[in-house]
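Only this structure's heavy atoms are used, side chains among them; waters, hydrogens and symmetry mates stay out. Lettering follows sequence order; numbering is per chain, from 1.
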Amino acid sequence: MLWKNTKHFLICQSIITGRMMNIFADFRARIEKSIRELMKQGVIADGADLSRISVEPPREESHGDMATNAAMVLGKFSELQPHDLAGKIADLLSEDEEIASIDIAGPGFINLSLAPSVWQGQVAHVLRAAKAYGNSDIGADKKVNVEYVSANPTGPMHVGHARGAVVGDALARLLERANYQVTREYYINDAGSQIDTLARSALIRMREALGEDIGDIPEGLYPGDYLIVVGQALATEYGAALLEKPEAEQVAVAKSKALPMMMEMIRDDLDALGVRHDVFLSEQSLHDSGAVDKSLNRLNEMGLIYEGVLEPPKGKTPPPDWEPSPQTLFKSSEFGDDSDRALKKSDGSWTYFAPDIACHLDKFERGYEQMIDVWGADHAGYIKRMKSAVTAVTAEAGNLDVKICQMVKLMRDGEPVKMSKRAGQFITLREVVDEVGKDVVRFMMLTRKNDAPLEFDFVKVQEQSRDNPVFYVQYAHARIFSVIRNASKIFGSIRDEDLANADMTLIVDPAEIALLKTISAFPRVLESAAVNHEPHRIAFYLQDLASTFHSLWNLGKERPDLKFIIDDKKNVTMARISMIRCCAFAIASGLDIMGVRPEEEMR
RNA sequence: GGUCCUGUAGCUCAACUGGAUAGAGCAGCUGACUUCUAAUCAGCAGGUUGGGGGUUCGAGUCCUCCCGGGAUCACCA
């Protein structure tokens, strides 16, 4: 009983929030209806595969609003030639009043031009959905785990981490908007030798805090100033007595102090970017709980683990100290990897790979069949083994997608930013956010697809010009609010509720309809971005939408009859305000996915 | 040498994963400001998609071989 109500609620909500308003999906359904009719008539064979049918905006504007390859794809299920089959489909579709004209082109494309009423009608949907405009149901409430950042807790985050953080967070937001149940996860590498190094580095700083002259930080330890406070904390809490204890105990104590402090610092940095995780999974906990043993046992039962000796790496530069030694290996080569991979080092301790497998099995057992990891480009070489392991350990029920973030090149007015050569001195994430603001960082990190390198210019990203996509999109949004403010001065306050009553049949000019069309494309963009795990598509779309808007705004200079505000025509003004309000909602909705706050004023 | 990214207008990048005549911005010319903020816009020009071969109705996109750029390559994470 309860679930029925819940489901009913979800359906209502999906209508309220604008889900299922994807106009392309709508017309695809109409096309499929015609095809089923032709199946009944025996023109198309029963059981024809409809999955390869696409309904999309044609590249060429003169080809209409929508194009489908249906007749071409279904050619082999019919005795008719694709071109003739297209004619049959077109005949049925022509009964649809919302289709203004149908054209059959090339080898059998069916091009549809939609009636203005279709585009005018979109306004009501967008206004109702408001900032939820574009939401989709393709996720069907399925669980997805997105793991991102996962920086080693040995120091502050640098710019490279920022990209992964933004991409992961935007991807999570995007999937939520497509009705996936998303968990944001951070895997803490708190068990490796680098944590011992962290502890030793903190102990040096503790001596320093106790007044000892430590000189230069020894080679191999972390020299960064950020450890000074950790040393002070250790000194305050434990005093010199700690240094009398056996070394192993000192390290253990330092570790227990330094680790939480590092994680707190990282969380603060992420917070400055507006990035938060739901789950912090500790590698050490996977060892302690026996999860590592468990996942390895599982692979062992499958016969995928053996003791063996790996070939030296192929090529002309084998490591100088390479020597063959038997190790515990996973047969990842059976799952598409180039070689089998070591689970244990030659001394019998675990490699990092083993707990990584446990980590993903843990996610799977928590209900995430779909997992997405966002990694830096330097980890690209591990994709195959990790995917292999996930496939194996979940008996092919789990799926892992790995998004690789290429490097960020920091520039200042066209010149590369020089990094200090002193070890430990990077440009930190915090410095970048402090200088340009989180919204700018977030937007810029999404202006390139994740696997392409990205240039980030401190000067350009703060310019108020066409060159700067952040400004350009924000300005479009602010400009709309400016117009609404001006209109309010003439016609009295304008509330969103009032706009729903506007007479949209007054929107007829092709330039105006063009804006409505671009706005209407958003749900489709959102879906394709979600399906492909590519949040950057939202950024590109917003630039396109902003451009269409600015273009229409300027058209009002040449043709005053197309200005948004016509002093003596309230009906026309209200219709146009409704139209641009929808544009603002689409921008706000897209920016929300990127985690960027829309501006209502640009002073 | 292996693997993975990558190569598209002078420059920076798109192209909805196989669709029609490959699109934007910058830079370069030409034009529009007592503004619904010109912080913007319109127009012109710019191409053998690194190269060759293949798959099919159709290829920037898929397969293959070359050429160039980047990342990575037992026992570090």
Side-chain angles (χ1 to χ4, degrees), chain A residues 24 52 54 56-60 62-63 67 69 72 75 82 105-109 111 150 152 154 189 191-195 283 309-319 321-325 327 337-339 341-342 344-347 349 351-353 355-356 376-384 404 406-407 447-449 451-453 455 463-469 471-472 475-476 478-480 482-487 489-490 521 524-525 527-529 531-532 534 537 540-541 543-544 547 550-558 560 563-567 573 576 580 601-603:
Chain A
F24 291 91
R52 287 193 59 221
S54 66
E56 27 184 62
R59 285 213 282 230
E60 185 71 30
S62 64
H63 291 149
N69 61 357
M72 290 144 80
F109 284 104
N111 295 330
S150 298
N152 285 340
T154 55
N189 289 116
S193 60
Q194 85 282 1
I195 298 299
E283 178 189 351
V309 180
L310 283 177
E311 303 271 314
K314 288 179 178 136
K316 50 186 173 183
T317 53
D321 56 343
W322 191 90
E323 52 187 51
S325 54
Q327 290 174 289
D337 199 358
D338 314 303
S339 150
R341 302 293 176 180
K344 284 186 179 179
K345 305 174 197 169
S346 37
D347 67 3
S349 62
T351 64
Y352 65 89
F353 186 37
D356 267 350
D378 52 339
H379 288 67
Y382 300 97
I383 296 178
K384 282 187 181 180
I404 287 297
Q406 281 291 343
M407 313 211 2
T447 53
R448 207 111 305 173
K449 62 180 170 222
D451 47 14
E455 273 189 21
E463 262 173 26
Q464 300 205 328
S465 77
R466 178 73 176 91
D467 293 1
N468 177 3
F471 170 77
Y472 188 69
Y475 182 42
R479 213 172 205 186
I480 290 167
S482 171
V483 172
I484 295 176
R485 281 192 297 270
N486 284 318
K489 286 176 196 159
I490 302 170
R524 189 170 183 277
V525 171
E527 280 189 3
S528 72
V531 166
N532 294 291
E534 291 185 349
R537 293 189 189 199
F540 283 105
Y541 168 79
Q543 294 181 64
D544 187 34
S547 166
H550 285 307
S551 176
L552 182 57
W553 194 96
N554 277 275
L555 197 55
K557 303 192 111 16
E558 276 174 51
K563 285 189 164 201
F564 299 130
I565 299 174
I566 308 289
D567 289 11
T573 303
R576 288 179 179 165
I580 60 175
E601 222 172 341
M602 299 299 286
R603 298 289 172 193

(Q) Just to be sure I understand the rule, does A:G192 reach a base, reach only the sugar-phosphate, or reach nothing, if contact means heavy atoms closer than 4.0 Å? (A) sugar-phosphate
Exercise. What about A:N111, does its side chain sit under 3.5 Å from the base of B:A20 through a donor-acceptor pair?
Worked result: yes
Checklist entry - With distance as the sole test, does A:Q327 use its side chain to make a donor-acceptor pair with the main-chain N or O of A:K345 at under 3.5 Å? => result no
**OP:** Given side-chain hydrogen bond (donor to acceptor under 3.5 Å, both in side chains), test A:S349 with A:D347 step by step and report yes or no.
**Re:** CA-CA 6 Å; A:S349 62; A:D347 67 3; 2.7 Å; yes
Picking from B:U6, B:C26, B:U40, the nucleotide nearest the side-chain atoms of A:F471 would be B:U40
Short side-chain N/O contact to B:A42 OP1/OP2 from A:S551, under 4.0 Å = yes
Do A:R466 and A:H550 have a side chain donor and acceptor closer than 3.5 Å?
no
What nucleic acid atoms does A:H550 come within less than 4.0 Å of, heavy atoms only: base, sugar-phosphate, or nothing?
-> sugar-phosphate
Regarding the side chain of A:D378, the nearest nucleotide among B:U40, B:U72, B:C36 is B:U72
inquiry  = Over all strands shown, is A:Q543 touching base, sugar-phosphate only, or nothing at heavy-atom distances under 4.0 angstrom?
reply    = nothing
*asked:* Regarding A:A105, tell me which of base, sugar-phosphate or nothing describes its non-hydrogen contacts under 4.0 Å with the strands shown.
replied: base
In Watson-Crick or G-U wobble terms, with both distances under 3.5 Å, the base opposite B:G46 is none
A:H379 atom NE2 is separated from B:A71 atom P, nearest whole Å, by 15 Å
* Identify whether the distance between the nearest side-chain nitrogen and carboxylate oxygen of A:R524 and A:E56 falls below 4.0 Å. => yes
Using Watson-Crick geometry (N1-N3 plus N6-O4 or O6-N4) or G-U wobble (N1-O2, O6-N3), each under 3.5 Å, B:A71 is paired with B:U3
- Query: Would you call A:F564 and A:L552 a side-chain contact if the rule is heavy atoms closer than 4.5 Å?
  - Reply: yes
Considering every strand and a 4.0 Å limit on heavy-atom distances, what is the contact class for A:A67: base, sugar-phosphate, or nothing?
base
Assess whether atom CE of A:M602 is packed by more than 12 heavy atoms of other residues, nucleotides or ligands within 6.0 Å.
yes
Exercise for review: Examine B:C76: is either OP1 or OP2 under 4.0 Å from a nitrogen or oxygen in the side chain of A:K345? Give yes or no.
Suggested key: yes
Its glycosidic angle compared against 90° from 0, B:U17 adopts the form syn
Q. OP1 or OP2 of B:C41 less than 4.0 angstrom from a side-chain nitrogen or oxygen of A:Y475, does that happen here?
A. no
Of the listed B:A77, B:G19, B:C36, the closest approach to the A:Q194 side chain comes from B:A77
To the nearest angstrom, the CG-P distance between A:N189 and B:C76 comes to 13 Å
Dump the pairs, protein N or O against N or O of nucleotides 12-16 of chain B, anything under 3.5 Å, distances to one decimal.
from: B:U12; atom 1: O2'; to: A:R448; atom 2: NH1; distance (Å): 3.3
from: B:C13; atom 1: OP1; to: A:R448; atom 2: NH1; distance (Å): 3.3
from: B:C13; atom 1: O5'; to: A:R448; atom 2: NH1; distance (Å): 3.1
from: B:C16; atom 1: O2; to: A:R524; atom 2: NH1; distance (Å): 2.1
from: B:C16; atom 1: O2; to: A:R524; atom 2: NH2; distance (Å): 3.4
from: B:C16; atom 1: N4; to: A:P57; atom 2: O; distance (Å): 3.0

Check your understanding: So A:Y382 and A:H379, would you call those rings parallel, tilted or perpendicular, with 30° and 60° as cut-offs?
Key -> tilted
Q: Run the numbers on A:R537 and A:E534 for salt bridge (charged side-chain N to carboxylate O under 4.0 Å, His left out), then give the verdict.
A: CA-CA 6 Å; A:R537 293 189 189 199; A:E534 291 185 349; 2.9 Å; yes
Checklist entry - Has A:F109 got its ring stacked on the base of B:G19, with centres under 5.5 Å and planes less than 30° apart? => result no
As its Watson-Crick or G-U partner within any shown strand, both distances under 3.5 Å, B:G53 has B:C63
**Study point:** A:R466 side-chain N/O to B:C41 phosphate OP1/OP2 under 4.0 Å
**Key:** yes
Whole-Å distance, A:N468 CG to B:C26 P, equals 13 Å
Per atom distances to the A:Q406 side chain, the nearest of B:C26, B:C5, B:C36 is B:C5
Partner of B:G23 under the Watson-Crick or G-U wobble criteria, both distances under 3.5 Å, comes out as B:C13
Closest to the side chain of A:K563, out of B:U40, B:C36, B:C26, is B:C36
Steps toward side chain to side chain contact (heavy atoms under 4.5 Å, CB included) verdict (A:N189, A:Q194)
CA-CA 9 Å; A:N189 289 116; A:Q194 85 282 1; 3.8 Å; yes
Quick check, does A:W553 stack with B:C36? I mean ring centres under 5.5 Å and planes off by under 30°. yes
Margin query: Check this one for me: any side-chain N or O of A:K344 less than 4.0 Å away from OP1 or OP2 of B:C75?
Written below: no
